[in-house]
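In what follows, every chain begins at residue 1, and chains take the letters A, B, ... in the order their sequences are listed.
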Number of protein chains: 2
Amino acid sequence: MSAGHTAVTTELFSDPSEDCGVRDVLDRLGDKWSVQVLVELSRGVRRFRELQRAIPGDISQRMLTLTVRRLERDGMVRRTVHATVPPQVDYELTELGRSLAGLIRTMSDWSAEHHEAIVEFRRDWDAAHPDAEIR
Amino acid sequence: MSAGHTAVTTELFSDPSEDCGVRDVLDRLGDKWSVQVLVELSRGVRRFRELQRAIPGDISQRMLTLTVRRLERDGMVRRTVHATVPPQVDYELTELGRSLAGLIRTMSDWSAEHHEAIVEFRRDWDAAHPDAEIR
DNA sequence: CCGCATCCTGGGCGATACTG
DNA sequence: CAGTATCGCCCAGGATGCGG
């Protein structure tokens, strides 16, 4: 993010069949919990239950496990198991994960700036299309 | 909070219960076709069939309609119906849509820069976890 | 405390057929 | 051409219960 050498892609996607891997990133970021987990971990190291309690919206154990496992597989999160009783597992962002958190921050800023406009557009559209199943 | 950790993070989301509307954006960008539609429209005005043919992956009429309708509702796309026979409908990005395309560009650049690392992490993880159903 | 196994439901998505 | 209508599949994700 900080390095200033990125002049590879002139067009958005030079090859239509090649999406540079944005899909991989969006498939992760697009799911229900990954962003919240990344945001919470950007605040510091967290244990499993800490994560679960900190995340708004009542994430189930199953989904937290899946989410954090996939993030680990993608190299965004490091998982550390302490051989204690009872067991303790710490989660923290990797360098790559912090970089992704930076991207999320960028997206968050964009959203904050345009969210109101979006909501307004939606309201107008819904008013102009009384019965639509678009949701 | 953990001490000794670099405080680069300026609080991603000040209020945990407030996600600034990133969810709205990610719910759209996270679906299967929106990004590709936005990218194609960032190249210029397109008609319905043009869009369908230009997008790789064989998008169905139904999904193209749904995708483009939702983008219109969110104020990203302007839809213009010409009263001709046969009917002709043009789609183009709004100012807001172009702004979003810019964000997608940012995400695309990030992905291009880190995709290889991600793929490598996945390969290593999969190797270290021979039998896992995480995918 | 930290998970995994299992069952179940809702909605995203595709295929197909029909209309103006 | 540019949609609408219907059906059916698949899978993300919730609930629950067990195990180390």
Side-chain angles (χ1 to χ4, degrees), chain A residues 23-37 40-41 45-74 77-92 129-135, chain B residues 23-24 26-37 40-41 45-74 77-92 125 129-135:
Chain A
R23 271 265 57 83
D24 283 339
V25 178
L26 279 170
D27 283 345
R28 196 74 21 254
L29 261 39
D31 68 30
K32 196 172 181 181
W33 302 107
S34 291
V35 170
Q36 281 167 278
V37 168
E40 181 58 26
L41 287 182
V45 180
R46 293 290 185 272
R47 299 178 52 177
F48 190 87
R49 298 292 294 190
E50 283 180 326
L51 262 181
Q52 189 174 18
R53 276 188 290 262
I55 292 176
D58 286 317
I59 182 173
S60 62
Q61 285 187 349
R62 166 183 156 78
M63 286 318 296
L64 182 55
T65 300
L66 278 177
T67 302
V68 94
R69 222 33 120 252
R70 293 197 267 239
L71 289 174
E72 186 198 11
R73 184 173 104 104
D74 288 358
V77 166
R78 181 169 22 252
R79 180 170 170 269
T80 310
V81 182
H82 301 278
T84 58
V85 175
Q88 172 172 346
V89 182
D90 289 341
Y91 295 93
E92 60 184 328
H129 304 76
D131 45 345
E133 299 170 0
I134 295 297
R135 192 186 40 136
Chain B
R23 264 289 107 228
D24 283 339
L26 280 170
D27 284 345
R28 196 74 23 254
L29 262 36
D31 69 28
K32 196 173 180 179
W33 301 108
S34 291
V35 170
Q36 280 168 277
V37 168
E40 181 58 25
L41 286 182
V45 181
R46 294 288 186 273
R47 300 177 53 177
F48 189 87
R49 298 291 294 188
E50 283 181 326
L51 262 181
Q52 189 173 19
R53 276 189 290 262
I55 292 176
D58 286 317
I59 182 174
S60 62
Q61 321 87 322
R62 167 181 156 77
M63 285 317 296
L64 182 54
T65 300
L66 279 175
T67 302
V68 94
R69 228 24 127 256
R70 293 196 267 239
L71 289 174
E72 185 198 12
R73 186 173 104 103
D74 287 358
V77 165
R78 178 165 30 248
R79 179 169 171 270
T80 310
V81 182
H82 301 278
T84 59
V85 175
Q88 173 172 344
V89 182
D90 289 342
Y91 294 93
E92 59 186 326
W125 195 94
H129 304 78
D131 45 345
E133 299 171 357
I134 296 296
R135 191 188 44 138

Enumerate donor-acceptor pairs with a distance under 3.5 Å from any side-chain N or O in residues 79-86 of chain B to protein atoms, sequence neighbours excluded.
| unit_1 | atom_1 | unit_2 | atom_2 | d |
| --- | --- | --- | --- | --- |
| Arg79(B) | NE | Tyr91(B) | OH | 3.3 |
| His82(B) | NE2 | Asp90(B) | OD2 | 2.9 |
| Thr84(B) | OG1 | Pro86(B) | O | 2.9 |

Do the side chains of Glu40(A) and Arg46(A) get nearer than 4.5 Å, heavy atoms only? yes
At the 4.0 Å heavy-atom cut-off to chain A, mark where contacts on DNA chain C begin and end, going 5' to 3'. dC1(C) to dG12(C)
Distance check needed: dG3(D) P versus Gln52(B) CD, whole Å only. 11 Å
Taking salt bridge (charged side-chain N to carboxylate O under 4.0 Å, His left out) as the definition, give me every residue that meets it alongside Glu50(A), ordered by chain and number, with sequence neighbours left out. none
Could you list all the side chain to side chain donor-acceptor pair (under 3.5 Å) pairs where at least one residue sits in residues 55-65 of chain B, not counting sequence neighbours? none
Salt bridge (charged side-chain N to carboxylate O under 4.0 Å, His left out) filter on Arg70(B), not counting sequence neighbours, yields none
When you check the phosphate oxygens OP1 and OP2 of dG3(D), does a side-chain N or O of Arg49(B) lie under 4.0 Å from one of them? no
side-chain hydrogen bond (donor to acceptor under 3.5 Å, both in side chains) partners for Arg69(A), two or more places apart: none
Mind calculating the distance between CD1 (Ile134(A)) and C1' (dG3(D)) to the nearest angstrom? 12 Å
Under a 3.5 Å distance rule, please check whether Glu92(A) uses its side chain to pair with a backbone N or O of Leu41(A) as donor and acceptor. no
Partner set under side-chain hydrogen bond (donor to acceptor under 3.5 Å, both in side chains) for Arg73(B), not counting sequence neighbours: Asp126(A)
How many whole angstroms separate atom CG of Leu66(B) from atom C1' of dA2(D)? 14 Å
Looking only at heavy atoms, the pair that brings Leu29(B) and Val35(B) closest together is O-CG2, 3.7 Å
Degree of bending, the helix from dC1(C)-dG20(D) to dG20(C)-dC1(D) (end axes from five pairs; round to 10°): 40°
First of Glu50(B) and Ile59(A) reached from the 5' end of DNA chain D, by closest nucleotide: Glu50(B)
I'd like to check the side-chain hydrogen bond (donor to acceptor under 3.5 Å, both in side chains) partners of Ser34(B); sequence neighbours left out, ordered by chain and number. Asp31(B)
Has the side chain of Gln88(B) got a donor or acceptor atom that lies under 3.5 Å from a matching backbone atom of Arg47(B)? no
Do any side-chain nitrogens or oxygens of Tyr91(B) fall under 4.0 Å of OP1 or OP2 in dG3(D)? yes
Report all interatomic pairs (protein N or O, nucleotide N or O of nucleotides 8-12 of chain D) with separations under 3.5 Å.
| unit_1 | atom_1 | unit_2 | atom_2 | d |
| --- | --- | --- | --- | --- |
| dA12(D) | OP1 | Arg135(B) | NH2 | 2.6 |

Contact list (N/O, under 3.5 angstrom) for nucleotides 17-20 of chain D vs protein:
none

Quick one, Val37(B) with Leu64(B), criterion side chain to side chain contact (heavy atoms under 4.5 Å, CB included). Give me CA distance, side-chain angles, the key distance, then yes/no. CA-CA 8 Å; Val37(B) 168; Leu64(B) 182 54; 4.0 Å; yes
Only counting residues at least two apart or in another chain, list the ones meeting side-chain hydrogen bond (donor to acceptor under 3.5 Å, both in side chains) with Trp125(B). Glu72(A)
